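Worksheet for the structure shown next.
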Protein chains: 2
Amino acid sequence: MPLPKKRVDALHLNEQLCFTLYSTVHLLNRTYRPLLEKLGLTYPQYLAMLVLWEEDDVTVKALGERLLLDSGTLTPLLKRLESAGLVKRERDVLDERQVRIRLTTSGRGLRAKAECVPPSILEASGSSLEELQDLKARVLAIREALSSRLEQEPPPAPASKRRKTG
Amino acid sequence: MPLPKKRVDALHLNEQLCFTLYSTVHLLNRTYRPLLEKLGLTYPQYLAMLVLWEEDDVTVKALGERLLLDSGTLTPLLKRLESAGLVKRERDVLDERQVRIRLTTSGRGLRAKAECVPPSILEASGSSLEELQDLKARVLAIREALSSRLEQEPPPAPASKRRKTG
DNA sequence: CCCAGGTCCATTGCGCGCAATGGAATCGCG
DNA sequence: CGCGATTCCATTGCGCGCAATGGACCTGGG
């Protein structure tokens, strides 16, 4: 046998964890969609509401740090939540650069209807809570590795200001 | 301690595997971006090229089944690959409903430059190949559960044609 | 007090993903 | 053979994600 395949081809689609994660996230989104439609939310909007249900009255920046999203994504998303009557967006009085996001009564009320979502997803996953918790921890480790790497390397640094490694 | 938290709140963002997967996929995309920029590809375009490097001359439908994407996503993506000179898109002569995607010489040649991508990602993940293979298998199990569920349930069936459960 | 630098949000442009719709080609049943 | 059903791809509309840019605001050194 003169090796019919070139070892374990790293460029083979089905070998790649990344593709598995990528396609699984899309299937998860499709699974969430009919559940969240009843709440009038998309999945990223649902994530923003999760943060607000935990801690009301947060800035766009703080929201972005929790969700790992930037203002280019959040600004239009929050405007849609506002026009849906779920949140209010107001400039901070003490620091007008910031915009504070606050739940409306309607937004707070939506939480009760959201409580049936996680159990439905758990069931659809076909896995146990323990398995999912274990997976979460392992994937988190990868996310942290990617995250710390992305924070350091990219700065092409125009010049001057070498305060990190100097 | 009168339980300061309400058990293990399923609506808590950081409890959810789904958010971990969602945010990790975005970080992966950001990690791939500078690597793939050298090839002139986005991540979904890279995935399509992976399939074509495995098996040239495939239909849009076959590509969609491998990548779990539909024509609404693939048609414009493939047009961009075509205008980049990497593939050709031609109607099948025997069945003109189908469009066959074939690599150009330039598209085949890009494979060599792509070989450095998987090792870079492996390193950035901070994990061993064994750990990633194990994760892949576990996430695949969830993907299969979601997939089989999505295939059955949704048909709202206008009427008639009850061939599955009838 | 002034203003250079930094922070925070908004905007723009592009490429997905996907639901929904439509048109052209093919298939299959009578 | 004829015609309704099905298959396959293209198009449209919308909501992300994100890089890049810009503007308003704040802060700190002089």
Side-chain angles (χ1 to χ4, degrees), chain A residues 22-34 36-37 40-48 58-65 67-84 89-101 150 154 156 158 160-161 163, chain B residues 22-34 36-37 40-48 58-65 67-84 89-101 150 154 156 158 160-161 163:
Chain A
Y22 163 89
S23 52
T24 301
V25 164
H26 290 324
L27 287 188
L28 269 173
N29 197 358
R30 284 182 233 171
T31 304
Y32 270 105
R33 190 181 307 272
L36 294 180
E37 242 163 30
L41 296 174
T42 64
Y43 183 65
Q45 290 168 10
Y46 168 71
L47 293 180
V58 297
T59 65
V60 174
K61 178 179 174 55
L63 202 52
E65 284 171 352
L67 300 178
L68 305 185
L69 295 173
D70 69 358
S71 74
T73 299
L74 287 176
T75 295
L77 184 154
L78 293 170
K79 283 184 176 178
R80 280 185 283 270
L81 288 182
E82 184 175 43
S83 63
R89 299 162 59 245
E90 287 167 1
R91 290 273 165 191
D92 187 305
V93 182
L94 297 181
D95 184 347
E96 296 208 346
R97 289 171 305 180
Q98 300 185 154
V99 169
R100 307 200 71 88
I101 311 299
L150 285 171
S160 75
K161 172 173 50 164
R163 201 180 293 165
Chain B
Y22 164 88
S23 51
T24 301
V25 164
H26 291 323
L27 287 188
L28 268 173
N29 198 357
R30 286 182 230 171
T31 304
Y32 269 106
R33 190 182 306 272
L36 294 179
E37 242 164 31
L41 296 174
T42 65
Y43 183 66
Q45 289 168 9
Y46 168 71
L47 293 180
V58 297
T59 66
V60 173
K61 177 180 174 55
L63 202 52
E65 285 171 350
L67 300 178
L68 305 184
L69 295 173
D70 68 357
S71 73
T73 299
L74 287 177
T75 296
L77 185 153
L78 293 169
K79 284 185 176 179
R80 281 186 282 269
L81 288 182
E82 184 175 42
S83 62
R89 300 163 57 246
E90 287 167 0
R91 290 274 166 192
D92 188 307
V93 181
L94 297 181
D95 184 347
E96 296 209 344
R97 289 172 304 180
Q98 301 185 151
V99 168
R100 307 200 70 88
I101 311 299
L150 286 170
S160 75
K161 173 173 46 165
R163 202 179 292 165

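Letters go in sequence order (proteins before strands), and every chain restarts at 1. This structure is a prediction, so every number in the text was calculated from the model and none was measured.
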Leu63(A): which of Leu69(A), Leu77(A), Leu78(A), Val99(A) passes side-chain contact (heavy atoms from CB on, under 4.5 Å) = Leu78(A)
Exam field: side chain Glu82(A) to backbone Arg89(A), donor-acceptor pair closer than 3.5 Å = yes
Considering all heavy atoms, the nearest Tyr43(B)-Asn29(B) contact = CB-OD1, 3.8 Å
By a strict heavy-atom criterion of less than 4.0 Å, which residues belonging to residues 75-83 of chain A are in contact with DNA chain D?
-> Leu77(A), Arg80(A)
List for me each residue that meets side-chain contact (heavy atoms from CB on, under 4.5 Å) alongside Ser71(A), sequence neighbours excluded, and say none if there are none.
-> Thr75(A)
Find the distance Glu65(B):CD to dC8(D):C1' and express it as a whole number of Å.
-> 11 Å
With a non-hydrogen cut-off below 4.0 angstrom, is Arg100(A) in contact with a base, only sugar-phosphate, or nothing?
-> nothing
side-chain contact (heavy atoms from CB on, under 4.5 Å) partner of Ser23(B), the single match among Leu67(A), Val25(A), Leu47(A), Leu68(A) | Leu68(A)
Asp95(B): salt bridge (charged side-chain N to carboxylate O under 4.0 Å, His left out) partners, not counting sequence neighbours = Arg97(B)
Please report, rounded to the nearest Å, how far the P atom of dA10(C) is from the NZ atom of Lys61(A).
-> 14 Å
dG17(D), dC9(D), dC25(D): which one has an atom nearest the side-chain heavy atoms of Pro44(A)?
-> dG17(D)
Could you check how far CG of Asp95(A) sits from P of dG28(D), rounded to whole Å?
-> 12 Å
May I ask you to evaluate whether Gln98(A) reaches the phosphate of dC26(D), defined as a side-chain N or O under 4.0 Å from OP1 or OP2?
-> no
With no hydrogens and no angle check, is any side-chain donor or acceptor of Gln45(B) less than 3.5 Å from a backbone partner on Thr42(B)?
-> yes
note: Asp92(A), atom CG; dA10(C), atom P; distance rounded to Å ~ 13 Å
Applying salt bridge (charged side-chain N to carboxylate O under 4.0 Å, His left out) to Glu96(A) and not counting sequence neighbours gives none
Integer-rounded Å distance: dC14(D) C1' and Leu41(A) CG | 16 Å
Minimum-distance nucleotide to Arg97(B) side chain [options: dT7(D), dC9(D), dG17(D)] = dT7(D)
Polar atom pairs (N or O), protein with nucleotides 18-22 of chain C, under 3.5 Å:
| unit_1 | atom_1 | unit_2 | atom_2 | d |
| --- | --- | --- | --- | --- |
| dC18(C) | OP1 | Arg30(A) | NE | 2.9 |
| dC18(C) | OP1 | Arg30(A) | NH2 | 3.4 |
| dC18(C) | OP2 | Arg30(A) | NH2 | 3.1 |

Phosphate OP1/OP2 of dC16(D): any Tyr22(B) side-chain N/O under 4.0 Å = no
Looking for any heavy atom pair under 4.0 Å, which part of the strands does Leu94(A) touch: base, sugar-phosphate only, or nothing?
-> sugar-phosphate
For the pair made of CG in Leu63(B) and P in dG17(C), what is the distance, rounded to whole Å?
-> 13 Å
Tell me whether the OP1 or OP2 atom of dC8(D) has a side-chain N or O from Arg91(B) closer than 4.0 Å.
-> no
Residues that Arg33(B) engages under side chain to side chain donor-acceptor pair (under 3.5 Å), provided they are two or more places apart | none
Arg89(B) CZ to dA10(D) C1', in whole Å, measures 9 Å
Distance, rounded to the nearest Å, where Gln45(B) contributes CD and dG17(C) contributes P | 10 Å
